[in-house]
Amino acid sequence: MAHTGTETALPTRTAFPFLGLPIRDVLSVSLLAAIVFLPFALSLSPDEEDYFVAVLSTVLHARALQEGAYPFWTFFSGFGMPHPFCQNLIYHPFLILAMLLPVTHAIWITYFAHILTAVLSLWLLCRALGITREVRWLCLVTYCLSPTALSYLFVDFWITCMTVWSMLPLLVLIAEKFARSREKAQSYRWAVVFGLLYGWLFLNAHASVAGYALIGIAFFLLGNPALLVKKIKPLLAAVGVIVPIVASRVYDLAVESWRFPATDPRVSQYLPMDWWALLMWPLSNPFTGEQPYYRGMAFGGCFLLLAGLGMVWPQVRHPAKRLLAAGFLGCFAIYFLPIEYFPFISANYSSRDCFILFGILLAGMGLTELNLNRPRLRPLWIAIGMLQASLMAAGAAPYLWKNVSGAIRFYRGEPAHVLRNAITTKPFIESVKLRSAQQAGRCFLSPEAEKLMLRNLTNTHYATLSLEGIRIVNGYFKGIDYHKVFPNRWLMTGQVLATPELLNNKPMLDVLNIRYLFATASEILPDGLRRIEKFSLAKGAEVFLFENQEAWPDAVFLVEAANSPARTTCAGMAHQGILHWDFSEFATLRQEGAVRVQRDWKGIKLKFEPAESPRTLFVSEYFRPEWQCRYRDESGVNRFLEVLPAMQTFMSVSVPAGVHTVRLQYRPFWRVVLATGSWIALASAAALAVVMRRWC
């Protein structure tokens with residue numbers, strides 16, 4: 001007879017609340033989560049991609065909320081840009097942690113909470129599938145040391161992808177309960193809970209990885225077509241919950257991608273199948289050469305064979321077997337489809353998340369059945385389990401050691417390519433932060449200074465400067481169209497890179513309020529820059545901070561309309577956005593008259609002496625059509641002024657006579673409406689799930 005997975009109920013006083021798990025299980029599983037978390041905590045991984053996208057965007061959002069504003073624009077990157085970036089955690093508890101704690105501590109708590117969620121959910125899912133306790137532990141170890149976990153925890157700092165990896169067992173558990181529920185009310189309840197969880201996940205996750213997760217669960221449910229026909233109304237209810245929740249995120253992705261005129265073809269990361277690694281993980285494939293194995297579809301040859309056994313062996317009679325098999329085979333097949341078939345998905349290896357989870361569950365069910373019904377072979381299955389655990393540990397060991405060794409170098413004060421080092425504030429950051437507080441202006445890094453300060457010797461990052469309140473011009477801005485300033489090389493990736501041409505474009509430095517500049521002694525700088533401080537880096541390297549005392553304020557009056565003079569590219573430069581234009585003629589248009597600039601998260605307030613005739617006000621902030629400008633007339637009524645593009649990229653406003661104060665605000669109508677709708681939909685779905693729990 002097939003094993004049902006029924007366990008002896010423990011007394012209520014020993015059961016963990018809500019989960020229905022014994023305290024010993026919760027504590028032991030939490031210990032496993034802590035062991036997996038420790039190598040990551042020491043270094044925060046050697047990567048930084050989501051640091052300058054999701055973490056930066058969320059922390060800036062948190063600070064704006066603390067000041068009483070809901071931000072749709074940020075002034076701290078480039079020349080200002082829409083907020084949030086395409087990947088963020090603004091609907092996540094990380095937002096609250098970012099208000100209360102340093103960034104490092106907020107990341108620690110978030111990661112540990114997600115790892116704990118992953119192992120507890122997988123434990124519950126294994127128990128629901130009838131997998132015995134010993135095999136559950138093997139499933140947990142395999143999941144925590146699989147290539148997916150290695151990628152998200154120990155190689156790539158992809159906090160938005162890790163969110164999907166950690167919540168996937170819970171999503172599958174809810175889908176399994178939905179498939180197993182017989183009462184109509186229960187089906188609706190689990191449909192609403194699934195819609196709420198997935199909608200929240202999509203808001204906070206990498207859209208590509210979250211999309212693959214939904215595809216995988218769709219394959220899972222397709223394992224029983226009759227079930228889908230029978231429960232079509234609850235499924236539509238789940239869709240009805242998901243759509244309003246994710247509407248704001250889908251809009252943000254769509255509107256930015258439509259605006260992007262990338263200069264290079266779309267980057268699609270297609271990883272060919274490595275059959276050797278699939279079967280022989282973690283042994284290297286001697287035939288295909290170097291491959292990023294931590295992104296491959298592998299979870300140990302032992303479990304791969306057991307997954308096949310659990311899928312086809314008739315003795316495994318659990319109702320979820322068909323569903324898991326359909327999900328397993330579907331995710332495997334989609335891995336081979338050309339990535340161009342998926343408009344918003346950029347990497348085929350993201351399909352491995354569901355594939356690995358379904359394979360582990362099938363293997364666990366197969367191994368459980370063999371253990372229960374083939375007692376004579378128990379020593380063999382114990383040996384297979386030990387071999388599986390050893391293989392997973394051996395595959396993870398190099399990545400774990402890389403994190404630990406990087407952390408050791410970091411704590412010794414040596415250059416170390418770990419995120420802990422990138423987040424740490426350096427003396428040159430403190431210096432320019434103090435100076436810019438006294439004399440406002442943007443900061444720019446020369447090509448050589450960028451290599452020394454952000455790459456080789458300090459491993460700082462642009463995001464750290466932005467988080468310290470420094471308006472750094474350089475950087476990568478994922479999910480923001482920035483081609484008018486500097487060409488977008490790839491879809492959904494804007495940028496401003498340091499080049500020698502920009503360094504020597506003195507009129508550009510003046511007009512765009514680039515007051516502080518880091519450079520090395522070997523670089524040729526334009527006249528008019530004053531060296532004010534020297535910083536010694538590792539290995540005897542030095543970098544200098546220069547001040548451009550001729551830099552314009554953020555807003556000035558112009559003699560004539562900003563777009564009237566012809567604009568040309570500087571001699572010897574290809575047309576590469578506004579930063580490579582010849583600003584010499586434009587620099588002669590400045591008119592006398594001081595403008596006091598006050599920035600906050602609600603916008604820009606500009607004060608000046610009134611004039612007897614209209615004037616053109618130039619603001620060196622990135623232009624978007626959603627900018628609004630208003631002032632109060634003599635009767636106290638708000639009047640709006642048209643905001644026009646200056647030099648096709650920045651802003652200009654024609655100020656009427658007698659006006660002394662105007663306020664610029666970024667008000668993207670649909671972003672405001674849909675963000676409000678997402679919050680309302682999340683709250684409504686959560687309330688509905690609670691009410692339905694009482695009804696059911």
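Quick note: numbers below take in every heavy atom, side chains included, and nothing from hydrogens, waters or symmetry partners.
The closest side-chain heavy-atom distance from Thr661 to Arg632 is not below 4.5 Å. A 4.5 Å side-chain heavy-atom check between Ile109 and Phe94 finds every atom pair outside the cut-off. Looking only at side-chain heavy atoms (C-beta outward), Cys443 and Phe518 come within less than 4.5 Å of each other. The shortest distance between side-chain heavy atoms of Ile159 and Gln87 does not fall below 4.5 Å. Within the 4.5 Å cutoff, the side chain of Ser436 has heavy atoms near those of the Tyr516 side chain. Residues Val543 and Leu537 meet the side-chain proximity criterion, which asks for heavy atoms closer than 4.5 Å. Under the 4.5 Å side-chain criterion, counting only non-hydrogen atoms from C-beta, Leu503 is in contact with Leu525. Taking the side chain as every heavy atom from C-beta outward, Val653 and Tyr631 never approach each other to under 4.5 Å.
Residues Pro507 and Phe583 approach most closely at CB-CB, 3.6 Å, considering heavy atoms. Nearest heavy-atom pair, Tyr152 versus Cys161, reported as atom, atom and distance to 0.1 Å: CE2-CB, 3.5 Å. The nearest pair of heavy atoms linking Val655 to Leu641 is CA-CD1, 4.5 Å. Here the shortest heavy-atom pairing between Ser77 and Tyr482 reads O-OH, 4.2 Å. Nearest approach of Ala449 to Glu523, heavy atoms of both residues: N-OE1, 4.1 Å. Here the closest non-hydrogen pair linking Thr464 and Tyr51 is OG1-OH, 2.7 Å.
The main-chain N or O of Asp156 is never found under 3.5 Å from a side-chain atom of Glu49 such that the two would form a donor-acceptor pair. Looking only at distances, no side-chain donor or acceptor of Ser431 sits under 3.5 Å from a matching main-chain atom of Pro427. Using a distance-only test at 3.5 Å, with no hydrogens or angles considered, a donor-acceptor pair links the side chain of Asp600 to the main chain of Gly603. Put simply, the side chain of Asn421 never gets that close to the backbone of Val418: no donor and acceptor are under 3.5 Å apart. Between the side chain of Asp554 and the backbone N or O of Asn513 there is no donor-acceptor pair closer than 3.5 Å. Side-chain atoms of Asn403 do not come within 3.5 Å of backbone N or O of Ser43 as any donor-acceptor pair. Ser57 contributes a side-chain N or O that, together with a main-chain N or O of Phe85, makes up a donor-acceptor pair within less than 3.5 Å. In this structure, His417 contributes its side chain and Pro46 its backbone to a donor-acceptor pair below 3.5 Å.
The 12-atom threshold is not exceeded at CD1 of Ile524, counting heavy atoms of other residues, nucleotides or ligands nearer than 6.0 Å. The number of heavy-atom neighbours closer than 6.0 Å to CD of Glu67, taken from other residues, nucleotides and ligands shown, is above 12. For CZ of Arg412, the number of neighbouring non-hydrogen atoms (other residues, nucleotides, ligands) closer than 6.0 Å is 12 at most. Annotation for Lys426: atom NZ counts as buried by contact number, over 12 foreign heavy atoms lying within 6.0 Å.
Distance check: Ile514 CD1 to Met508 CE gives 4.5 Å after rounding to the nearest 0.5 Å. Atom CD1 of Ile96 is separated from atom CG of Leu89 by 12.5 Å, given to the nearest 0.5 angstrom. Note that the CG atom of Leu664 and the CD1 atom of Ile604 stand 5.5 Å from one another [nearest 0.5 Å]. We find the CZ-NE2 distance between Arg259 and His483 to be 10.5 Å, quoted to the nearest 0.5 Å. In this structure, CZ in Phe79 is found 9.5 Å from CE in Met81, a value given to the nearest 0.5 Å. Note that CG of Leu445 and CG of Leu502 are 12.5 Å apart. Values are rounded to the nearest 0.5 Å.
Trp601 and Phe76 have tilted rings, their planes meeting at an angle from 30° to 60° on a 0 to 90° scale. Ring geometry for Phe535 against Phe428 counts as perpendicular: the plane angle is over 60°, on a 0 to 90° scale with 30° as the lower cut. Relative ring orientation between Tyr111 and Phe157 is described as parallel, the plane-to-plane angle staying below 30° on a 0-90° scale split at 30° and 60°.
Residues that satisfy the salt bridge (Lys or Arg N to Asp or Glu O under 4.0 Å) test with Arg615, not counting sequence neighbours, are absent from this structure. Residues passing the side-chain contact (heavy atoms from CB on, under 4.5 Å) test with Ala41, sequence neighbours excluded: Phe37, Trp108.
Checking Arg630, Lys602, Glu626, Lys605 one by one against Gln665, the side chain to side chain donor-acceptor pair (under 3.5 Å) holds for a single residue, Arg630.
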* To do: Start with the C-alpha gap between Glu448 and Ser522, add the side-chain angles, then the distance that decides, and say whether side chain to side chain donor-acceptor pair (under 3.5 Å) holds.
  => CA-CA 9 Å; Glu448 291 300 320; Ser522 61; 5.5 Å; no
Q.
The test is side chain to side chain contact (heavy atoms under 4.5 Å, CB included); show your working for Thr649 and Trp581 and say whether it passes.
A. CA-CA 11 Å; Thr649 307; Trp581 282 21; over 6 Å; no
**OP:** Show the numbers, then the answer: is there a side chain to side chain contact (heavy atoms under 4.5 Å, CB included) between His83 and Asn88?
**Re:** CA-CA 10 Å; His83 180 91; Asn88 58 76; over 6 Å; no
Evaluate Trp627 against Glu621 for side chain to side chain donor-acceptor pair (under 3.5 Å), listing each step before the verdict. CA-CA 10 Å; Trp627 276 102; Glu621 195 75 22; over 6 Å; no
Exercise for the section: Would you sort out whether Lys478 and Cys86 count as a side chain to side chain contact (heavy atoms under 4.5 Å, CB included), showing the intermediate values? Expected result: CA-CA 7 Å; Lys478 193 167 184 179; Cys86 72; 4.1 Å; yes
Inset, instruction - Test side chain to side chain contact (heavy atoms under 4.5 Å, CB included) on Leu589 and Phe618 and set out the steps. - result: CA-CA 10 Å; Leu589 300 179; Phe618 168 74; over 6 Å; no
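Using a 4.0 Å cut-off between charged nitrogen and carboxylate oxygen, Arg435 and Glu547 do not count as a salt-bridge pair. A salt bridge does not link Arg590 to Asp510: none of the charged side-chain nitrogens sits closer than 4.0 Å to a carboxylate oxygen. Between Glu256 and Arg624 a salt bridge is recorded (basic side-chain N to carboxylate O distance below 4.0 Å).
Residues Phe608 and Phe557 bring their aromatic ring centres within 6.0 Å.
Taking the ring axis of Phe72 as reference, the NZ or CZ atom of Arg671 does not stay both within 45° of it and closer than 6.0 Å to the ring centre.
A donor-acceptor contact closer than 3.5 angstrom is absent between the side chains of Asp47 and Ser45.
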